[in-house]
Every structure is written in C-alpha cells, then in structure tokens.
Amino acid sequence: MFVWIWGLCTMTQQVDFDHHSAACTADPVAYYQSFRERCPVGRTPAHGGFVYTTRYADVARIARDDDIFSSSRASTGEDRVAIVIPSGPGLEQYPIELDPPESTGYRDLINPLLTPDAVDRLRPMIARHATRVVDAFVEHGSADFVRDLTNPLPAAVTLDWLGFPEEDWARLAGPIHDIFAAPADSERARRGAEGLVHMERRIRELVRLRRAEPAADATSVLAARRRPDGTLFGEDELVSVIGLLIAGGVDTTTSLTGSVLVHLSRHPEQRQRLIDSPDLLDTATEEFLRAFAPSQSMARTARTDTEIGGCPVRAGERVLIPWVAANHDPAVFPDPAEIRLDRDATRHLSFGIGTHRCAGAHLARAMFREMITQVLTRLPDFRVLEDGLVPYPTRGNQSGWDAIPAVFSPGPRLGAESAPGTQPAFTQPVSFDAVVTRAEPVAEGVLALTLARADGGELPAWAPGAHLEFRLPSGRIRQYSLCGDPRERDRYRVAVLREENGRGGSAELHEIAREGVTVGVRGPRNHFPLVPADDYLFLAGGIGVTPILAMVRAAAREGSALRVVYGGRSRASMAFRDELVKEAGGRAELVPQDELGLPDLEAVLASAGPGTAIYCCGPAGMIAAVERVCERLGVGARLHVERFTAGDDLEAVSDPADNTAFDVHLARTGKTVHVRPDQRLIEAVREAAPGLSYDCEKGYCGACETRVLAGTPEHRDSLLTAEERAAGRTMMICVGRSSSPRLVLDL
C-alpha cells in the first residue's frame, strides 16, 4: 500500500517491494520500471526493512556519498556482508566494505595491478587459457557454456594471475559461484560459506609462501608491498583483499558472458554483425554491461537522517542501490530495453561509481572479450538450447546462469603446442600521438587532415570503413573516418565538417588543427567493414563521403562492379567530389541539392541487383530514409550503414582556447609535472603515477576522482555536484584542468 503526493509515494507507508521476489527474478527490468513510474523511492518491510531506489541519479548520488551512506559492516551492527540485502555470511572484503579514508590504502594496494597497462600485459595469458578451455570441447559440437567456458576461464585467469596452482582452481571458484547464485541462508549459500573456510586457509598459505619465496604473480606483489610508513600489510588484511579479488574476478565475468551468449543466440542478426565487424565488440561490451549487469544491486547504510529523491531516510536504515535499475533509466539511456551494439553506454553503473567502483573493470572486459571472440570465431553457429537453460534462483543481488547448454558445428583444436605464443583472439586499438602534417580546406566547412605518427613509426594497418578516435585537449572524444589509402602506412587522412551548432568537437579540431600540432588518437577501429561482393551500391551524403571514398577506391582496384550516388547541399559543400569521380571511373553520380534536388532513393535502390551490397553513410535523416526504402524493397539484409553515436549528452562544454599551461605537484610521489595547453591533465600525470586508476576518460565514471590538496581545479566533468565543484576538494583528472598556476593532487 502507498499514497500519492504530486506523483510520488510518501515514505510513511510500506510498499510491497522485494528484489528477490519471483516477479523481479522473472524480469528485473520491468519490475524496477513499474516502481520507477509509480513509486521511485520507497520503504519496504522485506528482509527486515529497507529503502529502495530505482533512478540513475539517486543510485549514483548514494554510491558516491561515502559521508552519509556507509559500506562498512560496523554501520549495520552485524558481522555479515554489509553491501547486499539481505546480508549473509562471508569474509570481510577490503576495501569494498570499508569507507574512506580507511579504504584508500587498500585501493592504493590493488590499483597498480589492474591498470589498463597491467591488464594489457595479461592478455597473452588470458588468450592461452581461453584457447585451452575451448579446445577441450570444440571437437564435440556441444557444451554447457557455464560448466565448460564461462566458469573455468575466469577462474583460471584470476587464480593463475594471483599465483594459485592449477589444482586449487576448481575448489576455490566453486564456493564463489554458490554464494553468488544462491539466496541468502539457503543450503547452497551455506555450502558456499563452508567452502570459503578452505579458501581463507589457502590464501594464508600462499601469502606466507610468497613472503618467503616471491614469484612472478600478483600475490607476491601484494605480500611485499608496504604502507607509506614502511610496514607490511597484515596477513588478515591480505586475506580480505585477495578474497575480494577472487570473488570479483571469478563469477561476475561468468555471469556477463553467459547472459551475452544467451542473447546472441536469441538474436543471430546481432551475432552476425559482431562476426562481420569484430571491432564493434569494443562498443558493444559497454552496452552488454549496461543491459546484463552481473551485480544487479548493492546496499549502503545511512549514517545520519537524510533524504533520497525528496523522501526522508532515517539514520541506520539500509538503502538498496540497484545498478540494473539505473542502467535502464530512460532519463539516461533512451529506449533502455533495446540493446544497441553501437550505443555509447559507457555511463552504465555495472562497475559501480565513486570510491568503490570496481578496480578490476579492465580485467573483466579483457576476459569477456576474449571469451566472446573465441566463440564468435570458433563456434560461429552456436545455438543455445532454451529448454536446458538454468538461471540463478534469484537475481536480486547477482544475475547469471547455472547451465547454458549449446550445440554448434564441431571445430578443430588449436593445440597445446601453440598455447605459449597464443595472442588474444581480439586486438586492442592502439593509442598513440599523431602529428598533423597537412591541414587543408576541401569544401565549405570541411577540413582535411593528414596525420603521421609523432615518433616517426609506421601507422597501424586499416581497411576501408575504419575510423580513428581523437582525444582532444578539452577532453572531448570524437571519431572520424579514414579516407586515405590503406597502402600508405606513413600517413592517415581524415576530413572534419565544422558543425557550428554541434557539441563543440569539430569546432575544436578546426581551431587547433595546423601543421605541427600533436593530437592523441586511438585506433583504427572498424564497425563498417567492406564485405566481399561482386557488385556494390554506395550512397554518400555530405561528410559521409569519407568512408565511402576509401571503399570505392578498394572496390575499383578489385575490379568489382560499383555505382556511387553522392548528394550534398551544393557542389561547393561536397568534399572529395572530383577524387571520388576519378576513383569510381565514371561510375559516380553527383547530386547537389541546389541543382538537382534530393536523390530518388526509390529508383536508385530498385536498381540494385540480387547480389549487390548496399553501403550508406550520411546524415541521420538520409540513413533513416534509405533504411525505410530498403525495407520496403526487401533488400534490408544487404544494407550496411555507418552512424556515429551522438556521444554523451552530459559532456561538459569548454572552449580549448581557454586552456592554459599549469604545473601539477603529486604529493605522494613528490614529483611535479608540467601540463601544456594542448595536453590533458591525465596524460601528463600518467607516467609519474603508474598506479593511476581511470576508465571512461570522459568525466563521468568517477574512476579517476582525485583529492585536491591545493590550487583551484577547473571542473569539466558531468559527475560532481555544484556544491562539490565549489568546494574544490576533488576533481576528475581525465577532463579537468587548473584555474591556478599550480595544482597539488593526492597522488
């Protein structure tokens, strides 16, 4: 029962809410949506009573506010897991069950082991285990993906990384799976808790062994690391930290990967798109994390009387913060029930937010991508047997599967002899500095840039359809299609249309791009590959000609039949029009709108033969029109489109002309670094602070939030509140700068 006041229910009445109920387990997204619409914040008597939330803004605020909302067991008055509802037995987990500043030292302990660079060094090991695991069942033509892949691979990687011998892997991973999969206080949960006793004993034994005989593993690093005062971390502390690393590494990636495999079996068109465009997995990973959050919810305890979303909360009350509800809030993610492989979903909260954001996020992504890519490349026709699916009995805290039976065409083993040199099945985009060697206008408002590696080396290979990601001095991130010749490994070429009413990225690049300027880039990535075909129809609109130009060049060299239709506002606005006509060998049609009107899409598309591959890139309206006509003509399956997502609507707007140079002193390391006007703060400090924690590099995940000890930070993030900005005690160093000549950071 609840009553209404201006569209919200009051907190004086109890609400029939239970995230462990059968209704929530059957469809958590719909369950939270129903409460978000009629009672977004409420109090329930379930599980001893607690306050629940459903909106992204409320969840993010609570997770970041350690002063008011505690993660510690001490705040609950019970020696049970404090960060879930209902609480259950388990080892105390440092640092996630501590509040700052007590948690800070433990974050500093583990962060250097899990930076992007540290995880990159683990990729060959991850690939070896993935190859071995898939080899064990690939010849059979059938498998239980949970038993045979998603359980053993994360367990092997995590426990091998920590230094546990192979005979420990299954016995240590089993209890974690039981605890995550079972309702609190069930027989299975009790069995899992009993298994933790063995895990604790084995962690202690390994810590003692590594202190006596260090090896090349993470436990040796942890056992040898000292506090700022020179003392070693205690054995009990390391048991807690390593136990958390095992729990976080083993079952969460199992859950995510299983859910994605079930989804791709149900949506073979998306599976095929990932097979055709493997670079798309980089973006799709964040969308899968948003849609299939392994950790569905966590909990905090209110330290003082406060309010959430206008509703009062009493000191001592437990508060549920459901990541799954936040990830499906339409105020942040339009059409949240739809899974879009090219959605910019990096604002998801599946790794949490604030001081307790998952330190192992980069490792989790690496394991997930390797497993998914192994499946897509070695078991591409897999089919999950729906009748045999066994989901977790409750999805209140953790979502996942106990069994995912599948069949597929048998494939060959890759063999143990190749394991030592095995490379990851997926390739990581490369980040490097590029220098502008030429900047020239090629149409009205369009600037063509020629780039070379700043270090003079050879550029990464690319294929038509690929794009390059630019990381601009303001912190903005933008993608531009490569339109040069892939055979020229000493240069890249892109073209940028200045959008006066855009979000500022194109204007910034136009302002800074001149010969000799260095910009940070990442890539290339290709979400728009040119598939083999005997005949092509290319449709380009405006600046959408850039990827089409590279495709036409490649198709013409192959001797393929092709037709190009290129439209624009006027001839003067159409970049590369003469080059396109030359490359197409006279098979290009220019359609300037002020002379000829809009292209007759119906007639153009009707001319496509039964084997014609259709490619389209241009304004969103043009792409939508082409999609409608293709659907009407029954050729939608042969249409390939390129559309860059609009990016983050919460992106802070700043003028790069306002950037000034400043010095940053790192208090803990004693180093001072200089930050140039054309350089991001995080780039300047990254080498001096090798254990730096960061993730989105867009200013909204909170991973790089850093305490400011002196100076005036210039905030360009979308996470800090107005009060937090005014206080200036912390900043997001991935996008922030300094308004004062000197900044002192707690690094």
Side-chain angles (χ1 to χ4, degrees), residues 269-270 272-273 276-277 280 283 334-335 338 340-343 443 446 464-467 479-481 483 495 497 499 526-556 560-571 573-577 580-581 583-584 587-646:
E269 74 287 353
Q270 291 197 349
Q272 189 60 49
R273 190 177 176 199
D276 293 340
S277 307
L280 186 58
T283 302
D335 302 316
E338 182 180 347
R340 302 174 182 169
L341 301 184
D342 55 3
R343 186 200 298 264
V446 179
H467 66 269
Q479 300 85 27
Y480 299 104
S481 296
C483 57
L497 170 66
E499 299 180 77
N526 199 336
H527 302 170
F528 191 41
L530 185 64
V531 300
D534 295 329
D535 183 21
Y536 295 96
L537 172 59
F538 297 107
L539 305 174
I543 198 62
V545 73
T546 49
I548 297 297
L549 176 59
M551 291 179 174
V552 168
R553 183 182 295 114
S560 301
L562 64 91
R563 180 187 180 190
V564 190
V565 179
Y566 177 21
R569 297 188 315 276
S570 64
R571 289 183 186 273
S573 72
M574 297 169 67
F576 307 123
R577 62 183 187 275
L580 182 69
V581 169
E583 294 288 357
R587 292 166 287 181
E589 304 166 31
L590 303 183
V591 189
Q593 186 177 344
D594 61 347
E595 298 176 25
L596 303 174
L598 295 172
D600 185 346
L601 294 179
E602 195 87 31
V604 170
L605 290 164
S607 70
T612 302
I614 306 167
Y615 279 80
C616 175
C617 187
M622 171 192 172
I623 293 175
V626 169
E627 288 175 325
R628 287 194 296 270
V629 175
C630 284
E631 193 67 29
R632 203 158 50 240
L633 296 176
V635 296
R638 291 187 274 131
L639 173 63
H640 306 262
V641 301
E642 170 83 318
R643 53 162 72 87
F644 289 117
T645 57

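Treat the numbers as computed from the prediction; the structure is a model and nothing was measured.
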Open item on the list: Going by salt bridge (Lys or Arg N to Asp or Glu O under 4.0 Å), name the pairs with one or both residues in residues 596-625, residues two or more places apart or in two chains.
Closed with: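 As it turns out, the salt bridge (Lys or Arg N to Asp or Glu O under 4.0 Å) pairs with a partner in residues 596-625, which skip direct neighbours, are E602-R632.
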
TODO: Could you note down all residue pairs passing salt bridge (Lys or Arg N to Asp or Glu O under 4.0 Å) where residues 610-630 supplies at least one of them, sequence neighbours left out?
DONE: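 Every pair satisfying salt bridge (Lys or Arg N to Asp or Glu O under 4.0 Å) with a residue in residues 610-630: E627-R643.
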
Interatomic distance, [X] atom [atom1] to [Y] atom [atom2] [nearest 0.5 angstrom]:
X: L539; Y: C630; atom1: CG; atom2: SG; result: 7.5 Å
X: E642; Y: I623; atom1: CD; atom2: CD1; result: 8.0 Å
X: Q593; Y: S573; atom1: CD; atom2: OG; result: 9.0 Å
X: L341; Y: T283; atom1: CG; atom2: OG1; result: 9.0 Å
X: D276; Y: H640; atom1: CG; atom2: NE2; result: 7.5 Å
X: I548; Y: L580; atom1: CD1; atom2: CG; result: 9.0 Å

Hey, are the side chains of [X] and [Y] touching, using non-hydrogen atoms and a 4.5 Å cut-off?
X: S560; Y: D534; result: no
X: L601; Y: V626; result: yes
X: D594; Y: R569; result: no
X: Y480; Y: L497; result: no

TODO: Just jot down the ring pair (Phe, Tyr, Trp, His ring centres under 6.0 Å) partners of F528, sequence neighbours excluded, or say none.
DONE: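 F528 satisfies ring pair (Phe, Tyr, Trp, His ring centres under 6.0 Å) with Y615 only.
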
Open item on the list: The criterion is side chain to side chain contact (heavy atoms under 4.5 Å, CB included); which residues satisfy it with R571, sequence neighbours excluded?
Closed with: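 By the side chain to side chain contact (heavy atoms under 4.5 Å, CB included) rule, R571 matches R577, L590, P592, E595.
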
Task: Under the side chain to side chain contact (heavy atoms under 4.5 Å, CB included) test, residues paired with V591 that sit two or more places apart - done: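 Scan of V591 (side chain to side chain contact (heavy atoms under 4.5 Å, CB included), adjacent residues dropped) gives V565, L596, P599.
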
Who passes side chain to side chain donor-acceptor pair (under 3.5 Å) against [X], sequence neighbours left out?
X: R563; answer: E589, S607
X: E631; answer: none
X: E499; answer: none

Open item on the list: Quick check against the 3.5 Å criterion: does R587 have a side-chain atom that pairs as donor or acceptor with the backbone of A584?
Closed with: yes

Open item on the list: Check whether N526 reaches the backbone of S277 with its side chain - one donor and one acceptor, N or O, closer than 3.5 Å.
Closed with: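 Not at all, since once roles are kept as given, no pair shorter than 3.5 Å links the two residues.
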
Open item on the list: Suppose the criterion is side-chain hydrogen bond (donor to acceptor under 3.5 Å, both in side chains): which pairs have a residue in residues 535-554, not counting sequence neighbours?
Closed with: D535-T612, R553-E579, R553-E583

